[in-house]
Protein chains: 2
Amino acid sequence: MTHNPSSLSRPSERIIEAASRLFFRQGYCSTGINQIISESGVAKASFYTHFPSKEALAMAWLRQREERWIEQLTERISQHQLTEKRVSAMYTMWYDQIREEGYRGCGFINMAGEFSDEKSPVRALVRDHKERVRQVVANNVLNEYRPMMEPEVFDELVNTIYSLFDGAIIQAQNFMQDWPIDSAMKTSMKTLSHYRSGAVL
Amino acid sequence: MTHNPSSLSRPSERIIEAASRLFFRQGYCSTGINQIISESGVAKASFYTHFPSKEALAMAWLRQREERWIEQLTERISQHQLTEKRVSAMYTMWYDQIREEGYRGCGFINMAGEFSDEKSPVRALVRDHKERVRQVVANNVLNEYRPMMEPEVFDELVNTIYSLFDGAIIQAQNFMQDWPIDSAMKTSMKTLSHYRSGAVL
DNA sequence: TAGGTTTTAGACAGACCTGTCTGTACGGAG
DNA sequence: CTCCGTACAGACAGGTCTGTCTAAAACCTA
């Protein structure tokens with residue numbers, strides 16, 4: 001072993017690790033293959049034996065991020081029984097992500113923004129991810145509310161809570177401040193109690 | 001006059017017109033100078049006499065878009081007296097933009113996503129634009145509510161309505177559907193009546 | 001130790017990028 | 001008509017990009 005800057009043994013892991021950092025921080029277009037192989041300490045030929053193209057690497061990274069992200073979200077949610085606490089746990093995830101990765105917003109949305117063709121597999125993956133988050137809101141967060149209201153009203157509530165949650169991170173990214181997340185959480189709580197009290201529509 | 005595909009006389013106008021279309025549809029990185037000059041029917045030398053760089057063109061476009069956008073928003077709002085109608089008018093603007101330009105989301109946010117350096121003038125312009133939208137919400141849309149509540153409560157309401165409005169377009173872009181806008185508008189209305197009834201916090 | 005697989009470094013091709021430069025054509029003002 | 005500012009076409013430079021290729025070195029297993 002001649003050179004191992006990131007202390008990860010397998011090249012493919014080092015590549016994804018570097019791609020994760022660079023794609024997230026700099027964006028897809030602004031990050032070159034040469035920078036990725038340089039920072040992961042991998043030869044260019046090795047890169048192309050593991051990944052057929054730059055876009056394939058992006059897909060691999062997004063798939064890994066999706067898996068870990070959903071896993072972490074559901075894990076955080078499952079630690080609480082009260083619906084309000086579960087909603088709160090979702091927002092804590094945004095806070096923690098900001099503390100960890102800075103105000104870089106949602107890696108999926110940022111990525112989708114660089115692929116203007118809506119038929120691109122990257123766009124499809126991002127859509128699937130967001131749909132899955134919405135499903136988590138419906139099935140893992142608000143499930144307790146489901147029998148309390150008509151299905152269409154429940155769907156409306158799910159869409160609202162999901163939109164508030166997901167819109168918050170983009171605002172925080174733009175302003176580089178926390179207040180959009182605070183604001184979204186407060187509105188989520190109010191919306192929740194509003195629906196619970198039966199004063200819907 | 002040898003060639004005038006866009007029927008606009010002055011070259012700088014044709015350039016900005018082409019840039020507007022291409023930057024908005026394809027993104028900044030994916031749009032080359034050569035495509036812009038080709039589609040605007042302008043010589044490369046002419047381009048560089050009017051704009052010192054590609055980024056300067058992007059700035060010029062964003063400034064124009066900002067001006068027209070705020071102008072249109074305030075104009076639409078001013079046509080109504082009731083606060084609820086004014087909020088509704090904001091969302092009508094999103095609907096109309098989607099009908100006109102497709103599900104391409106917010107041109108400012110998309111642009112900001114391609115400039116990872118938060119000190120970039122493009123990022124500053126986008127932040128200023130969003131702050132200005134928030135000011136419009138405070139001064140032109142919700143102004144009637146201001147004397148009804150404490151200043152910090154009013155600010156909270158402004159942030160909520162603004163975040164709902166601005167988050168909706170990103171969701172609509174991702175899903176290529178209208179429902180996030182419907183959802184945000186409904187939540188805005190409920191939030192409004194909630195605050196109005198005095199049942200805040 | 002032997003053999004086959006993986007990784008290494010880096011040159012290279014071909015395309016594309018921004019921005020500069022040369023030279024020509026046109027059109028209005030004096 | 002002459003002059004001058006503006007726009008034209010397009011070659012060109014210098015750099016960057018992705019992806020391919022060569023050939024040697026390292027590694028693992030038998």
Could you pull out the protein-nucleic contacts involving nucleotides 16-18 of chain C (nitrogen or oxygen on both sides, under 3.5 Å)?
from, atom 1, to, atom 2, distance (Å)
C:dT18, OP1, B:Ile33, N, 3.3
C:dT18, OP1, B:Lys54, NZ, 3.0
C:dT18, OP2, B:Ile33, N, 2.8

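The listed nucleotides are D:dC8, D:dA7, C:dT7; the one nearest the side chain of A:Thr49 is C:dT7.
Annotation: salt bridge (Lys or Arg N to Asp or Glu O under 4.0 Å) contacts involving residues 139-148 of chain B, sequence neighbours excluded, are absent.
Taking only side-chain nitrogens and oxygens, B:Arg14 comes nearer than 4.0 Å to OP1 or OP2 of D:dC8. Between A:His50 and C:dT7 there is a side-chain polar atom (N or O) within less than 4.0 angstrom of OP1 or OP2.
Taking OG1 of B:Thr74 as the start and CE of B:Met90 as the end, the distance is 11.0 Å to the nearest 0.5 Å.
Rounded to whole Å, atom P of D:dT18 lies 14 Å from atom CD1 of A:Ile15. With rounding to whole Å, A:Glu13 atom CD is found 15 Å from C:dT7 atom C1'. Between the CD1 atom of B:Ile37 and the C1' atom of D:dA9 there is a distance of 9 Å, given to the nearest Å. Atom CZ of B:Arg10 and atom P of D:dA7 are 9 Å apart (whole Å). Taking atom CD1 of A:Ile36 as the reference point, atom P of D:dG19 lies 11 Å away to the nearest angstrom.
Note on ring orientation: taking the six-membered ring where Trp is involved, the planes of A:Trp69 and A:Trp94 are tilted (angle from 30° to 60°).
Listed for the B:Arg86 side chain is no donor-acceptor partner under 3.5 Å among the backbone atoms of B:Gln79.
The residues B:Glu75 and B:Arg68 are annotated as not salt-bridged, no charged nitrogen and carboxylate oxygen being separated by less than 4.0 angstrom. A salt bridge does not link A:Asp166 with A:Arg134: every distance from a Lys NZ or Arg NE/NH1/NH2 to an Asp or Glu carboxylate oxygen is 4.0 Å or more.
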